[in-house]
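First the structure, in the form of structure tokens, and then the observations on it.
Just the heavy atoms: all of them, side chains too, but no hydrogens, waters or symmetry mates, feed the values below. Protein chains get the first letters and strands the later ones, always in sequence-line order, with residue 1 at the start of each.
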Amino acid sequence: MTQAPTLYEKLWDEHFIREAGDGLGLLYVDRHLLHEVSTPQAFEGLKLAGRKVWRIAANLAVADHNVPTSHRDREMTDPLSRLQLQTLDANCAEFGITEFGLHDPRQGIVHVVGPEQGFTLPGMTVVCGDSHTATHGALGALAFGIGTSEVEHVLATQTLVVQKARKMLVRFEGALAEGVGAKDMALALIGLIGTAGGTGHVIEFAGPAVRALSMEGRMTLCNMAIEAGARAGMVAVDDTTIDYCAGRPFAPTGRSLDEAIAYWRSLTSNPGAEFDRVVEITAGRIAPQVTWGTSPEMVTAIDGAVPDPGDEPDSVRRAGILRALEYMGLEPGVRIVDIPLDKVFIGSCTNSRIEDLRMAAAVVRGRRIASGIRQALVVPGSGLVKAQAEAEGLQRVFIEAGFEWHDPGCSMCVGMNEDRLNPGERCASTSNRNFEGRQGAGGRTHLVSPAMAAAAAIAGHFVDVRQFPG
Amino acid sequence: MDKFTLHEGGVVPLDRANVDTDAILPKQFLKSVKRSGFGPHLFDDWRYLDPYREEQDNARRRPNPGFVLNRPEYAGATILLARENFGCGSSREHAPWALKDFGIRALIAPSFADIFFSNCFKNGLLPVRLSAAQVDTLFAQVAARPGYRLCIDLMQQRVTTPSGECFAFEIDAFRRDCLLNGLDEIGLTLQHREQIAAFEKRRLAERSWLNIGAAVARCRLAGDRCGGVEEA
């Protein structure tokens, strides 16, 4: 270990079993989350090779990508989707893996469920066949997405061959302005460094504005690390982390918890630790962000406008902007606040936790969605988030405003189930990707924070939530 | 796993940066529980003029003549030439499966997204990183010479153009070995079974909180279905 290790180096060393050559290490995996889309082929491979699951208790499964978010009492009509869910059920039953089924109140998006249950905790290595596994880094864990072959590798060996990443520090100095949140921080960062800015790196988020974030906010920030190209994002452990983790169902208790906390407190980068790249951002200067294109780096502030491709000197980038504007049906120079919307989606592993729903509800309360909005959807991240929101009366606020209130799942973020955009439809979405076709073939996605999505639903177009009458 | 040693093949140029895995294989095809059959849907949204409908025979869809994969001069190409940050976004291994199923054996770009890069190797697909200037050169040559082919030699770690120009590329020794020999990575790791077991035993003893919480919760949550703690 170096003299002044970073948080990432501490986590790497803690899980390092052996060299695999050339900067690759065989790392021990503490926790593995499974869902229906990236695991069937892994279980099939395991069975074909006659292999067993190495450590059953390290695994937790929950279907989320392809689950219906309404009418769960009815039989699923799509035979492929039904088979995919049944395959997860059957594999979990065969290998003895704990699964939260579709009717379990704890069912939800893996990256909401893991921390909520205390299944993922500080100091752990956490993997899942989903790129947004970066979310769990908010706990002070090393968490990253893997492919299906790696899912099989983890099931069979409880390890992974991992390339050691370069270290990036992103410091948010000062404090955020009112109405600006973690989603805006993430989008502003991606706008600055680009979607490949973090490639080959692990990002540690630090600085006063990060310390001031709740765990929900930190999860939003780490979740989007992958959108900056970094396989993992992380935040050092502090009281906020420990207060969040203690008392959760899978978290340790009693003396075991005391031991854990004593260790967790060491999960910070040491003073003087060196990073390969440092990015500093003044938090107070971040305005609410809105993407205008088909990559999360195509983003601007709410008071901005759609850019002119003619201003871009690089030819590959210019072609990318032209394609994006054509796909998005936008003209250069159009002000963001003048873009009208068809749909609004509040949900996804980025922004479907209780705090996200509270922020959106605070904007919506006592209002109605604009007449031009065809559908406004709230999809809580888990059954427990949904129950909590209902106990707080948030669902009534949304429903009275004209929103639909759904059961938990990935829903319109990935558009695998019924919740999706039709060709040409324009959506203000709290999700994480505005790629072509992401929310439905031909659909047009603008990424925003929950508060901004809520305000857009009321106004019918984008609006600066900071100036939205409270 | 399939081997990759030396490959010579036609090149198809996809001149776009930040091609994401949603574009490579859109989500409507992720419902399959299989590893094969994704080739006809590679770049589906770009490749066809009419949208995909489950009930329709895919062979009867209208190919988009403007999309590079549909152009006759690139028919049968096995090397995909791309721009920076290829494969960004979702971790879906269905993306390399689709490329492989379509017939692609190697990719050349200035950079690849990390998860996609790693997924390629598990499927006998070689992602080659060359400099942006070298990739520019290749794009220019593909455009200028019909029937353009490249030779990729993994043993020598070099790409050779028809005129004999050579571009060296870097690749880590472990992944190179796995590809050259078609090794099963799980089998390789399990050769260290004792070391992993010893590491795990020590870790779970030193960090007991890793173990107990999960076991207790498992029993609590599973109720009477739980026969006890299954920790080794």
At a heavy-atom distance under 4.5 Å, which candidate from A:I226, A:D130, A:V151 has the highest pair count against chain B?
A:D130
Between A:R433 and B:D20, is any pair of side-chain heavy atoms under 4.5 Å apart?
no
Select one option (side chain, backbone, both, neither) describing which atoms of B:D184 are under 4.5 Å from chain A's heavy atoms.
side chain
Decide yes or no for A:W54 and B:E200: does some side-chain heavy atom of the first lie under 4.5 Å from some side-chain heavy atom of the second?
yes
Please look at B:N119 and chain A and tell me whether the side chain, the backbone, both or neither of the residue comes under 4.5 angstrom of a heavy atom of that chain.
side chain
Honestly, the part of B:T21 sitting under 4.5 Å from a heavy atom of chain A is neither
Measuring heavy-atom distances to chain A, does B:K27 have an atom under 4.5 Å in its side chain, in its backbone, in both, or in neither?
both
Whatever's closer than 4.5 Å to a heavy atom in chain B on A:R255 counts as neither
Given side chain to side chain contact (heavy atoms under 4.5 Å, CB included), test B:H192 with A:I17 step by step and report yes or no.
CA-CA 10 Å; B:H192 309 290; A:I17 301 170; over 6 Å; no
Got a donor-acceptor contact below 3.5 angstrom from the B:E93 side chain to the A:S149 backbone?
yes
Checking heavy atoms, do the side chain of A:T87, its backbone, both or neither come under 4.5 Å from chain B?
side chain
Does A:R51 have more than 12 heavy atoms from other residues, nucleotides or ligands lying within 6.0 Å of its CZ?
yes
Any chance you could lay out the side chain to side chain contact (heavy atoms under 4.5 Å, CB included) test for B:S118 and A:R231, step after step, and finish with the verdict?
CA-CA 11 Å; B:S118 157; A:R231 206 164 171 180; 4.3 Å; yes
So, the part of A:N432 with a heavy atom under 4.5 Å from chain B: the answer is neither
Please classify the contact of A:E36 with chain B as side chain, backbone, both or neither, using a heavy-atom distance under 4.5 Å.
neither
Using non-hydrogen atoms and a 4.5 Å limit, figure out which bit of B:R35 sits close to chain A: side chain, backbone, both or neither.
both
Begin with the C-alpha distance, continue with both residues' side-chain angles, and end with the deciding distance and a verdict on side chain to side chain contact (heavy atoms under 4.5 Å, CB included) for B:K31 and A:D78.
CA-CA 10 Å; B:K31 294 176 184 177; A:D78 176 9; 2.7 Å; yes
Identify, with sequence neighbours excluded, every residue that meets ring pair (Phe, Tyr, Trp, His ring centres under 6.0 Å) alongside B:F199.
A:Y28
Does a donor on one side chain and an acceptor on the other come within less than 3.5 Å for B:W97 and A:Q41?
no
Using non-hydrogen atoms only, which part of A:L257 is less than 4.5 Å away from chain B: side chain, backbone, both, or neither?
neither
So, A:R317 side chain and B:A17 main chain: donor-acceptor pair closer than 3.5 Å or not?
no
Counting only non-hydrogen atoms closer than 4.5 Å, does B:A197 touch chain A with its backbone (N, CA, C, O), its side chain (CB onward), both, or neither?
both
Under 4.5 Å between any side-chain heavy atoms of B:K122 and A:E152, yes or no?
no
Check step by step if salt bridge (Lys or Arg N to Asp or Glu O under 4.0 Å) holds for A:E44 and B:K34.
CA-CA 9 Å; A:E44 188 193 26; B:K34 303 194 184 93; over 6 Å; no
Show your reasoning for whether side chain to side chain contact (heavy atoms under 4.5 Å, CB included) applies to B:D22 and A:E436.
CA-CA 8 Å; B:D22 273 84; A:E436 286 185 28; over 6 Å; no
Side-chain contact, heavy-atom cut-off 4.5 Å: A:R55 with B:N211?
yes
